[in-house]
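Note that this is a predicted model, so its numbers are computed, not measured.
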Amino acid sequence: MTMETGRSTFPFPYQPYTIQEQFMKALYTTLDQGKVGIFESPTGTGKSLSLICGALSWLTDHEEKKKQEAAALLQDGEAALSTNTAQASTSSSSAEPDWITDFVQKKAERDLVSKLKEEELRRKKREERLEMIRNNVQLKYAMKRKSCEEDEAFKLLQLSKEEPGEEPGNQEDEDLIIAEYESDDESKSKSRFCGAEDDEDEDLVEEHVTKIYYCSRTHSQLAQFVHEVQKSPFSKDISLVTLGSRQNMCINEEVRRLGSIQRINDRCLEMQKNKHEKQQSEEGVKRKRGTAKSVCPFYKASAMQQMRDEVLGTVHDIEQLLKLGRETHSCPYYATRHAIPPAQLVVLPYQMVLHEATRHASGIHLKGQVVIIDEAHNLSDTLSCIHSAELSGAQLCRAHSQLSQYADRYRSRLKAKNLMYIKQVLFVIEGLVRVLGGKVGQNPQTQTTQAGTEMLTINNFLFKAQIDNINLFKLQRYFEKSMISRKLSGFVEKYAGSGVSLQTHSSSNKENRRTEGLNLYLQTLQNKQITSPVSSADQQGSVEEEKVLSASPMMQVEGFFMALTNTNTDGRVVVHRQVTVSDSSVKFLLLNPAVHFAQVLKECRAVIIAGGTMQPVSDFKQELLFSAGVGEERITEFSCGHVIPPENILPIVLCSGPSGQELDFTFQNRDSPRMMDETGRILSNICNVVPGGVVCFFPSYEYSRRIISHWEASGALARLGNKKKIFQEPKKANQLEQVLSDFSRCIQRCALDGGSLTGALLFSVVGGKMSEGINFSDDLGRCVVMVGMPYPNIKSPELLEKMSYLDKHLPHSGGRSPGQALIDNLCMKAVNQSIGRAIRHRGDYSSIVLCDRRYSRPATLSKLPTWIKDRTSTHTSFGPAFAALRKFFLEKKQRPM
């Protein structure tokens, strides 16, 4: 086996299916050649294990090849250096140009040899250290010396900032003051020194080894992937680290209970700063007067280093990391980030890879690395969502009020440049409120505006808001360098977060007057929520909203400012005016997700885009890859069928119902009583012959509500309930697990009892909580019924603008415009995700009933996954379809799988 020809066999926990072997070979070749691969493998075909074993086999071979090449290069370099030295001693060096050439050549060779020796030494140290970790050898580090050096540097930094004439009463607010800001074209050396306090411990900063970044949509999907790694042959030899947000990985209960991710982030950073101040106090350094500030007991360098070593030595998922963090009394969030450089496999959510600012903040380096994006069927939508931003009128007015009062309170202590930038931020916010038809300084809930929606280019929006003379790029850098969002959040939490009027504090009247407006405004919003008639279930939601409301919205403002720095052609701004300014909003809509994906594609050695169904691939390539500058020659495609036998699946397109009513669930026809009655009769017949669970998907929540109400009135729902117990998708996500548990128990009980009920019927919605990520395997999903086609709302301004953009920038193909293709693709992607809930493993079997004559169109059928499309039969009348369905389950009953 050589790297050029790829691998013929792969380590695998069991005998792989043929399609798994093909998958791993194609993956290995794609990684080796540094290409962009689009891999399609249906759920139940062992996609995760194929990704793991194929990719890690390549990584192992790649590292071995690099080692051999470096050794050969070092040997050649030393030999050449020795030969040149011998030649130089016997040859004449009378000619000066020859002497100079010889000197330069020998120096270059010596530098190369020296560099290769250093790299080899570092590699050996990494391998030895990792081996020691895995053997549970207790490693000791000189942490105390370095910690003392850091403390000393921090003391000097703080002493240099102190001003002798400062008022003692204001010192307790020192942590809320923005440090002196200097833009990039000003003094660089001072900026570097001021950042010294944030440097990592030198023992924790390491060179990034060649690694694979695996990302997926949800933490549960990431946990499933990690469990597959634990079952793989690589579990003992791979260094894996799982990343997550503070919200997911914090183990400090005081911080976790804050709820919102912004408040958790702010408190975490504040506690780190408090820890430095506490260390100063312990060392005898003069401490500013004020109340004692809490520090995080889990943020300790030595404990985090110990946890990092344990993370690298054994494969852990997030739950195991949290448990380990509590055992070692160490922060999992920071310990895992310290483990990134030496790790070989990094498992993380989408946004940490796809969002550039988040990548940099997390210490993720993509240069020369491999990225695997799993569950990538909605990659384009995910990129657009991550890079879009929205602000309500209430948020804008609140941000302006908070920032104004912050600047007023600390005006005498802020540097002139800080005040200048704060004024610019306030000016931009005023412009945004003005676009919504309101004015700052007034209650946005009482200000009325003319309702309507307007779509603007970025430049036109800046002109309309009269902020086109402001350099948003400089403001963006100011936000990043000054951390104004965090300072303002601390200010709000200190003076208004408790909801107690500041007049009860024994502080100066001047201070009360300065923050009075802020408190009155927050109290007004809280009172409106409290006095509104809501149910007890909604009151809990109001409490949560109150918590978010009292926090500073400046982080959202910062995100919107950043969005406005996109190229004019790549996005639009939607101005949505409601009756009041408070309910109105401005939203940035990203139209070209390829512009942000291009950086990932450019930096990485190889990118793998994988999913259960990636159809239609041609449109996917056009929108995300070709538009990002990727040539056709760099793209490879792999698609495999399912491992189930052909006779284990029965996909049916149903064009008419039992009474002969044509099934046409267009917007104009679907609400007719005849269509609703016919749908009820179809379900009734299906429930007569299908055992176990039936899952019925409706195109929207609104249509689901209407048709079920109609069935209740007509008695059809009661007749369905006599055959199968009826469940409905819950409105709240926290009720989902209970509904699924009850649904599963009911089916199991019916299978054992053998009574009049033959199972359960679950009403769900396409694109809802049960259309993705839920497994209806075996008896839970013996039949999936799709009622109508879930086309998106064609009247949506955002969708219309996206269609217009695609029509203008992408080529037309097959006699249809890219905009129309987008509508069809969004519909069929949603259908494919929903019908894929049933078949989950090799021995599973299920039927799929597509109720709408439009599914019979060749262009629509072509967008189904190949393994479903090839087995789909179209029936113009109900009788033959029902006979095929009855025969299918009769055969399965006689020959149980």
Check the pair S384 / D381 against side chain to side chain donor-acceptor pair (under 3.5 Å), numbers first and verdict last. CA-CA 5 Å; S384 297; D381 295 337; 5.5 Å; no
Donor-acceptor pair, side chain of Q369 and main chain of V209, under 3.5 angstrom: yes
Under 3.5 Å: donor-acceptor pair, side chain of T565, backbone of M562: yes
Could you check whether any side-chain N or O of Y28 sits under 3.5 Å from a backbone N or O of F23, counting only pairs where one atom can act as donor and the other as acceptor? no
Would you say NZ of K869 has more than 12 non-hydrogen atoms from neighbouring residues, nucleotides or ligands within 6.0 angstrom? yes
Tell me whether N248 contacts the main-chain N or O of G244 through its side chain, where contact means a donor paired with an acceptor under 3.5 Å. no
Side chains of C827 and D824: closer than 4.5 Å at any heavy-atom pair? no
For H316, does its backbone N or O pair with a side-chain atom of T242 as donor and acceptor, under 3.5 Å? yes
Any chance you could lay out the side chain to side chain contact (heavy atoms under 4.5 Å, CB included) test for E21 and F12, step after step, and finish with the verdict? CA-CA 10 Å; E21 291 177 336; F12 214 74; over 6 Å; no
Determine whether I609 and F597 satisfy the following criterion, side chain to side chain contact (heavy atoms under 4.5 Å, CB included), listing intermediate values before the conclusion. CA-CA 12 Å; I609 302 165; F597 196 44; 4.2 Å; yes
Basic-acidic side-chain contact under 4.0 Å: K802, E623: yes
Step by step, work out the side chain to side chain contact (heavy atoms under 4.5 Å, CB included) result for L324 and L322. CA-CA 5 Å; L324 180 61; L322 296 178; over 6 Å; no
Least distance between heavy atoms, R605 atom then L31 atom: NE-O, 3.1 Å
Heavy-atom closest pair (A339 atom, V241 atom, distance to 0.1 Å) is CB-CG2, 4.1 Å
Treating S216 as the side-chain partner and L348 as the backbone partner, does any N or O pair qualify as donor plus acceptor under 3.5 Å? no
Between the side chains of Q224 and E228, is a donor N or O closer than 3.5 angstrom to an acceptor N or O? no
Looking at D807 and S817, would you say the former's side chain and the latter's main chain have a donor-acceptor pair under 3.5 Å? no
Would you say the side chains of S245 and Q247 form a donor-acceptor pair under 3.5 Å? no
Can H596 and N566 be said to form a side chain to side chain donor-acceptor pair (under 3.5 Å), step by step? CA-CA 10 Å; H596 292 286; N566 278 275; 3.1 Å; yes
Given 3.5 Å as the limit, does a donor-acceptor pair link the side chain of N832 with the main chain of M828, or not? yes
Can the positive tip of R857 be found less than 6.0 Å from the middle of the six-membered ring of Y855, inside 45° of the ring normal? no
How about Y334 and R246: does a side-chain donor come under 3.5 Å of a side-chain acceptor? yes
Ion pair present between E632 and K621, side-chain N to carboxylate O less than 4.0 angstrom? yes
Shortest non-hydrogen contact between Y17 and Q20, atoms and distance: N-OE1, 2.8 Å
Does the side chain of T569 come under 3.5 Å of the side chain of T567 through a donor N or O and an acceptor N or O? no
For the backbone of I868 and the side chain of T872, can you confirm whether one donor and one acceptor N or O come within less than 3.5 Å of each other? yes
For H809 and Y805, indicate whether the former's side chain and the latter's backbone hold a donor-acceptor pair under 3.5 Å. yes
Could you point out which residue of L49, V347, L51, I52 forms a side chain to side chain contact (heavy atoms under 4.5 Å, CB included) with V229? I52
For E375, is there an ion pair with R217 - N to carboxylate O distance below 4.0 angstrom? no
Show the nearest heavy-atom pair for residues R359 and V600, with the distance to one decimal. NH1-CG2, 3.6 Å
Tell me the closest heavy-atom pair linking L810 and S627, and the distance in Å. CD2-OG, 3.6 Å
Pair T29-D32, side-chain donor/acceptor within less than 3.5 Å: no
Taking it one step at a time, do I608 and I373 satisfy side chain to side chain contact (heavy atoms under 4.5 Å, CB included)? CA-CA 6 Å; I608 304 299; I373 302 172; over 6 Å; no
